[in-house]
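All ligand and atom numbering here is 1-based and tracks the order in the structure. Residues: numbered from 1 along the sequence shown.
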Amino acid sequence: MPLFLNIETLANGPVELKGQLSPEELEMETLDELVEANEPLGYDLTAERAGDNILLRGSLRMRLQCECARCLRPFVHCVELPDWSCLLPLAGEEKIELINVSADLTPYLREDTFLAFPQHPLCEAGCGETPKRTGGDGKPLKIRKASSEPGEASVWSKLDNLNLE
Ligand SMILES: [Zn+2]
């Protein structure tokens with residue numbers, strides 16, 4: 001169900017809105033092929049009247065299927081907006097569109113969630129960066145280096161063969 005709020009119900013006080021918007025309802029388009037938004041957007045909100053506005057407050061949450069921009073490993077990224085709020089004017093030039101007495105809140109949730117998408121998704125902070133270790137713990141670094149050099153790598157594969165025999 002798209003998220004419609006009957007604004008007349010706000011006359012009796014704040015209204016709790018809790019549920020999920022499916023990817024189809026969201027029509028979320030990702031501009032980045034590394035980010036796939038194919039899971040529902042969860043919301044847990046309170047709507048209340050604040051003068052000539054509707055004040056929405058609460059949390060938004062959405063899981064994204066991402067691919068790491070550096071190592072291409074798939075991973076899940078959670079977009080979480082725990083203290084989200086949005087003010088929707090009911091009067092003036094910026095006033096929101098109403099369908100009879102209901103406002104479709106979907107676009108507002110969609111926009112802010114979209115803005116929180118990762119721009120450069122990484123499976124972990126610093127993935128693919130050259131290790132900047134100096135001295136001391138140099139041994140693992142050496143082995144990793146060797147495997148990327150063809151000459152050295154053949155030495156290592158020879159050692160592997162020896163181990164297998
Ligand atoms: Zn990665």
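The side chain to side chain donor-acceptor pair (under 3.5 Å) analysis of residues 67-85, with sequence neighbours excluded, yields the pairs R61-E80, W84-D112. Among residues at least two apart or in separate chains, salt bridge (Lys or Arg N to Asp or Glu O under 4.0 Å) pairs with a member in residues 35-47 are K18-D44, E39-R63.
Using a 4.5 Å cut-off on side-chain heavy atoms (C-beta onward), T113 and M28 make contact. Using a 4.5 Å heavy-atom cutoff, the side chains of L45 and L60 are in contact.
Every ring-ring contact (aromatic ring centres under 6.0 Å, His included) that F114 has, sequence neighbours left out, goes to F117.
Here the side chain of D32 pairs a donor or acceptor atom with the backbone of L34 at under 3.5 angstrom.
The count of protein N, O or S atoms under 2.8 Å from the Zn ion (ligand 1) stands at 4, with waters excluded from the count.
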